[in-house]
Amino acid sequence: PSMSCRLASVVFALSALVAGPGVLSSYAMAAEAASKTDPTPPADGATPSAPEAGRNALRAVQVQLKQAEEYLALGEKDAALAKYEAALAKYGKSPARFIVRLHLGRFFFAAKVFDKAAEHFARAANDGGGSGDPNPQIEERAEALYQLGLCYVRLGQVDRSFPSFRQVTEISANSQWANLAYFQIGEAHLSKGNFTQAMVSFGQVGGSLVAKSTSAMSPPPSVNLSPMMECCNVMAVTSSRSRILMPKLLTANSTFRAR
C-alpha cells in the first residue's frame, strides 16, 4: 500500500482503540477496501502485463527486422539471416513470432529454397503449419498462405497449393492477395488441363493484381484475362489438339503468367 493508505490505517486503528470493538469491524473493511483501490503504480522493474509485453516484443523485433533488411540491401545475406534467426530464438513464444516467420519465408523464397520457405510461411500463417493458433493479423496471414501455395507450385506440388490459395480467398476476400490467389488457382487448373475450372477462377480475379512490394514474388501490374478466358472456353469444348497449342500460346505471351 502507498504512504497515504498506511496513514489511513494508523488513523483507523487509533480510532478503533478509542471507540471500542464496534469500530474494529469497520476498520477492517475500510483497510481491505484501501488495499484494493490503492492507485500506486507498479514499482520499477515489475513484470509488465501480457499485452504490454507483446507490444514491447513487437517493437524490439521490428528493430531487428529493419537491421536485417539493411543487411540484405548491402548484399550481406548471412548477416541478415543471423538477425532473423536471433529474433526468432528470442521472441519465438511471443505474438511477434508470426512476422519473423513471414520474413524468414520471404528470405528463403528469394533464395529459391522453397521447402524452407514453405515451412516458415506455414508457421507464419498458423503455428505448427495448421495445428496451433492462427496469426491474428489477417493481412500477414493471407500473404503467408498465398506464398505457401506459391512455394508448392515452385516445388511442382500443384495439388498441395489449392488449399492454401483457397484459404486466402476465404479469410481475405476482395483483397489483392485474394486476386492473386484466384489467378494462381486458374493457372494451376490450366496446367492440369481443367479448362472449365480455370475459366471460373480467372473470372473471379478482381482488378489490380499488384501486391505489396514486400511480397516474395513480383506479379505483373495488371493482367488482361479476357483472351485467357476465351482460350479456356475454346479448350473446354474443342479437340485435344488445342491442348497442345495452349502451352505454346502461354509461352508466347508471358504477360499472362505470374512471375
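The structure presented is a predicted model; accordingly, all values stated were derived computationally and were not measured.
- Residue V113 is grouped with residue L104 when hydrophobic side chains (ILVMFWY) are merged at heavy-atom distances under 4.5 angstrom, including chains of intermediate members.
- In this structure, R106 pairs ionically with E143, as a charged nitrogen and a carboxylate oxygen lie closer than 4.0 Å.
- The stretch residues 155-164 participates, sequence neighbours left out, in these salt bridge (charged side-chain N to carboxylate O under 4.0 Å, His left out) pairs: D159-K192.
- For S172 against S175, the heavy-atom pair with the smallest separation is O-OG, 2.6 Å.
- Take F114 and apply the ring-ring contact (aromatic ring centres under 6.0 Å, His included) test, not counting sequence neighbours, and it matches F109.
- Taking both residues in full, the closest heavy atoms of N126 and P134 are given as OD1-CA, 2.8 Å, listed atom of the first, atom of the second, then distance.
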Self-check item: side chain to side chain contact (heavy atoms under 4.5 Å, CB included) between K66 and V63, worked out
Solution: CA-CA 5 Å; K66 183 176 180 182; V63 171; 5.9 Å; no
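- Expressed to the nearest 0.5 Å, how far OG of S94 lies from CG of L88 amounts to 9.5 Å.
- F183 CZ to N179 CG: the interatomic distance, rounded to the nearest 0.5 Å, is 11.0 Å.
- Taking the ring-ring contact (aromatic ring centres under 6.0 Å, His included) definition, one finds that Y71 meets it with nothing, sequence neighbours left out.
- Applying side chain to side chain contact (heavy atoms under 4.5 Å, CB included) to L65 and the options K83, H103, E70 leaves one that passes, H103.
- Side-chain contact between W177 and Q147 is present, with heavy atoms from C-beta onward closer than 4.5 Å.
- A distance of 4.5 Å separates CZ in F107 from CG in L81, rounded to the nearest 0.5 Å.
- In this structure, R141 has no salt bridge (Lys or Arg N to Asp or Glu O under 4.0 Å) partners at least two apart in sequence or on a different chain.
- Between the CD atom in E119 and the CZ atom in R123 there is a gap of 7.0 Å [rounded to 0.5 Å].
- Side-chain contact between Q197 and I185 is absent, with no heavy-atom pair separated by less than 4.5 Å.
- Residues A80 and A68 come closest through the heavy atom pair CB-O, 3.4 Å.
- The minimum heavy-atom distance linking F202 with E187 is given by the pair CZ-N, 3.6 Å.
- Atom CD of residue Q184 and atom OG of residue S201 lie 11.0 Å apart, to the nearest 0.5 angstrom.
- By the ring-ring contact (aromatic ring centres under 6.0 Å, His included) test, F165 is found to be paired with Y146, residues two or more places apart in sequence or in another chain being considered.
- Here the closest heavy-atom approach between residue G149 and residue S161 is recorded as O-CB, 3.3 Å.
- Scanning both residues, A124 and F98, for their nearest heavy atoms gives O-CD2, 3.4 Å.
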- Query: Taking it one step at a time, do F195 and L190 satisfy side chain to side chain contact (heavy atoms under 4.5 Å, CB included)?
  - Reply: CA-CA 6 Å; F195 305 117; L190 193 61; 3.6 Å; yes
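- Applying the salt bridge (Lys or Arg N to Asp or Glu O under 4.0 Å) test to D115 and every residue at least two apart in sequence or in another chain returns nothing.
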- Task: With side chain to side chain contact (heavy atoms under 4.5 Å, CB included) as the test, would you mind laying out the steps for I99 and N135 before giving the verdict?
- Result: CA-CA 9 Å; I99 187 64; N135 188 335; over 6 Å; no
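- Side-chain contact between V158 and Y152: absent, with no pair of heavy atoms (C-beta onward) separated by less than 4.5 Å.
- Taking OH of Y91 as the reference point, atom CD of Q64 lies at 5.5 Å (rounded to 0.5 Å).
- Under the 6.0 Å cut-off for aromatic ring centres, F108 and H120 qualify, their centroids lying closer than that.
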